Amino acid sequence: MTIAREISHRIKYELGVTVSIGISWNKIYAKLGSDYKKPDAITEFNRENYKDRIWQLPASDLLYVGRQTNKKLQKLGIRTIGQLAESDEKLLESHFGKIGNVLWAFANGWDEDPVCKEGYEAPVKSIGNSTTTPRDLENDLDVWIIQIALAESVAARLR
């Protein structure tokens, strides 16, 4: 908390802008904390208060729960982070694949990825691209157009 206050004070004094800072034992909840109150706030989620404070929030507040994922969660009756945390992990995996396991772990505060040093870049294992289309693809031409756009994006990164 002392470091967060110092950072907030220095940014306000040196740059003239406010920041919202999240503090937690993992990156997922720290990120959630930075979005929790705005502007100019410091939010701490710890192992004693996270169930009371985080589990009542909408599932859509959790990292990786976008519009489409939230719709699917709602169809399963999952509306809050707490409901997601208490869901059957295998059910989530069957509906979402590997990301279902990730969402379940994040909702429960299980994120053991370390904070990397500045400038660190993970080695590239593969290059791919995906998208969520704004509407259902209805014919081969729709699919072809999306496929070409994705292929162009991947090709540019490969080059």
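One-based numbering along the sequence shown. Values below: every heavy atom of this structure, side chains too, minus hydrogens, waters and symmetry copies. Predicted, not measured: the structure shown is a model, and the values here were computed from it.
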Locate the shortest heavy-atom distance separating N129 from S153; write the atom from each residue and the value.
-> ND2-OG, 2.8 Å

Mark yes or no for whether Y29, through its side chain, and A107, through its backbone, hold a donor-acceptor pair below 3.5 Å.
-> yes

Could you give the distance from CD1 (I78) to OG1 (T69), rounded to the nearest 0.5 Å?
-> 11.5 Å

May I ask you to check whether over 12 heavy atoms, not counting those of W25, lie within 6.0 Å of atom CH2?
-> yes

Listed partners of F96 passing ring pair (Phe, Tyr, Trp, His ring centres under 6.0 Å), at least two apart | none

In terms of heavy-atom contacts, I127 and R157 come closest through CG2-NH2, 3.7 Å

Could you grab the distance from atom CG of N49 to atom OG of S24, nearest 0.5 Å is fine?
-> 8.0 Å

Take K90 and S94 through the side-chain contact (heavy atoms from CB on, under 4.5 Å) test and state the conclusion after the steps.
-> CA-CA 6 Å; K90 294 295 180 196; S94 71; over 6 Å; no

For E152, does the CD atom have more than 12 heavy-atom neighbours from other residues, nucleotides or ligands under 6.0 Å away?
-> no

Could you state whether I148 and V154 fall into the same hydrophobic cluster, counting links through intermediate Ile, Leu, Val, Met, Phe, Trp or Tyr residues with side-chain heavy atoms under 4.5 angstrom apart?
-> no

Group every Ile, Leu, Val, Met, Phe, Trp and Tyr by side-chain heavy-atom contacts under 4.5 Å, then state whether I7 and Y13 land in the same group.
-> no

Of all heavy-atom pairs between A59 and N70, which one has the smallest distance, and what is that distance?
-> CB-OD1, 4.2 Å

Does the side chain of L73 reach to within under 4.5 Å of the side chain of R79, using non-hydrogen atoms?
-> no

Would you check if D40 and K12 make a side-chain contact, meaning some heavy-atom pair closer than 4.5 Å?
-> yes

Rounded distance (nearest 0.5 Å) linking atom CD1 of I23 with atom CD1 of I3 | 8.5 Å

For atom NZ of K38, is the number of surrounding heavy atoms from other residues, nucleotides or ligands below 6.0 Å larger than 12?
-> yes

Would Y36 and L57 count as a side-chain contact (heavy atoms from CB on, under 4.5 Å) if you check the C-alpha gap in whole Å, the side-chain angles of each, and the deciding distance to 0.1 Å?
-> CA-CA 10 Å; Y36 190 71; L57 296 174; 3.9 Å; yes

So, does R53 use its side chain to make a donor-acceptor pair with the main chain of N46 at under 3.5 Å?
-> no

Do Y64 and L76 sit in the same hydrophobic cluster, where Ile, Leu, Val, Met, Phe, Trp and Tyr count as joined when their side-chain heavy atoms come under 4.5 Å apart?
-> yes

Do W144 and I146 belong together in a cluster built from hydrophobic side chains that touch within less than 4.5 Å?
-> no

Hey, which of L63, D61, N26, T43 is the one that makes side-chain contact (heavy atoms from CB on, under 4.5 Å) with L32?
-> D61

Side-chain (W55) to main-chain (T80) donor-acceptor, under 3.5 angstrom | no

In this structure, CG of N108 is separated from CG of L84 (nearest 0.5 Å) by 8.0 Å

In terms of hydrophobic clustering (I, L, V, M, F, W, Y; side-chain heavy atoms under 4.5 Å; direct or indirect links), are V19 and I42 co-clustered?
-> yes

Kindly indicate, with the supporting measurements, whether the criterion side-chain contact (heavy atoms from CB on, under 4.5 Å) is fulfilled by E6 and T2.
-> CA-CA 6 Å; E6 175 66 20; T2 302; 5.8 Å; no

All side chain to side chain donor-acceptor pair (under 3.5 Å) counterparts of D88, not counting sequence neighbours | none

From L103 CG over to H95 NE2, what is the distance, rounded to the nearest 0.5 angstrom?
-> 13.5 Å

Calculate, to the nearest 0.5 Å, the distance between atoms CD and CD1 belonging to E93 and I99 respectively.
-> 12.0 Å

Verify side-chain contact (heavy atoms from CB on, under 4.5 Å) between I28 and L62, making sure each step is shown before the conclusion.
-> CA-CA 8 Å; I28 300 305; L62 193 63; 4.0 Å; yes

Throw together a table of side-chain donor-acceptor distances under 3.5 angstrom for residues 133-141, partners on residues two or more places apart or in other chains.
from, atom 1, to, atom 2, distance (Å)
T133, OG1, R135, O, 2.7
R135, NH1, D142, OD2, 3.1
R135, NH2, D142, OD1, 3.4
N139, OD1, L141, N, 3.0
N139, OD1, D142, N, 2.8

Under 3.5 Å, side chain of S87 to main-chain N/O of Q83, donor-acceptor pair present?
-> yes

Looking at P39 and T18, what are the two nearest heavy atoms and their distance?
-> CB-OG1, 3.9 Å

Do side-chain atoms of R10 reach the backbone of L15 as a donor and acceptor pair under 3.5 angstrom?
-> no

With a 4.5 Å heavy-atom cut-off, do Q68 and K71 have their side chains touching?
-> yes

